[in-house]
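Okay, handing you the structure first.
We're numbering straight along the sequence, starting at 1. As a basis for the values below, the full set of heavy atoms in this structure was taken, side chains included, without hydrogen atoms, waters or symmetry mates.
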Amino acid sequence: MTEKEFDDKLVEALDSLLVAMAENPEIEPGKFFSMTCVLENLRFFSPVLYGAIQKAKK
C-alpha cells in the first residue's frame, strides 16, 4: 500500500467514524467535538503513522 492509498483510506475511515458519531444522539456534543479534535490530529499525522507502520513491517 502506498502512502497515498493509506492516507485516502485513513481519511475515509475517520470521516465514517465522524458521521456515525454525529448521527448518534447518545453522544454529547462536547465529547463529539473533543473526539473530532483527536481524529483531526490523527489525520494530520497520517504520514508519521504510515512511516511507523512501514518501519514495523521491516
>> Any non-hydrogen side-chain atom of L18 less than 4.5 Å from a side-chain atom of F32?
In response: yes

> What are the two closest non-hydrogen atoms of E26 and N24, and how far apart are they?
Replying inline: N-OD1, 2.8 Å

> Do F44 and L42 share a hydrophobic cluster, counting only Ile, Leu, Val, Met, Phe, Trp and Tyr and linking them when any side-chain heavy atoms are less than 4.5 Å apart?
Replying inline: no

> In the single-linkage hydrophobic clustering (I, L, V, M, F, W, Y; side-chain heavy atoms under 4.5 Å), do M1 and L49 co-cluster?
Replying inline: yes

> Can you get from V38 to M21 by hopping between Ile, Leu, Val, Met, Phe, Trp and Tyr side chains that sit under 4.5 Å apart?
Replying inline: yes

>> Looking at Q54, I'd like to know if its CD atom is crowded, meaning that more than 12 non-hydrogen atoms belonging to other residues, nucleotides or ligands lie closer than 6.0 Å.
In response: yes

In a table with atom names and distances, give each donor-acceptor pair under 3.5 Å that connects a side chain of residues 6-14 to protein atoms at least two apart or in another chain.
from: D7; atom 1: OD1; to: R43; atom 2: NH1; distance (Å): 2.9
from: D7; atom 1: OD1; to: S46; atom 2: OG; distance (Å): 3.0
from: D7; atom 1: OD2; to: R43; atom 2: NH2; distance (Å): 3.4
from: D8; atom 1: OD1; to: K4; atom 2: NZ; distance (Å): 3.1
from: D8; atom 1: OD2; to: K4; atom 2: NZ; distance (Å): 3.3

> Judged by atom type as modelled, is there a donor-acceptor pair below 3.5 Å linking the side chain of E23 to the main-chain atoms of A20?
Replying inline: no

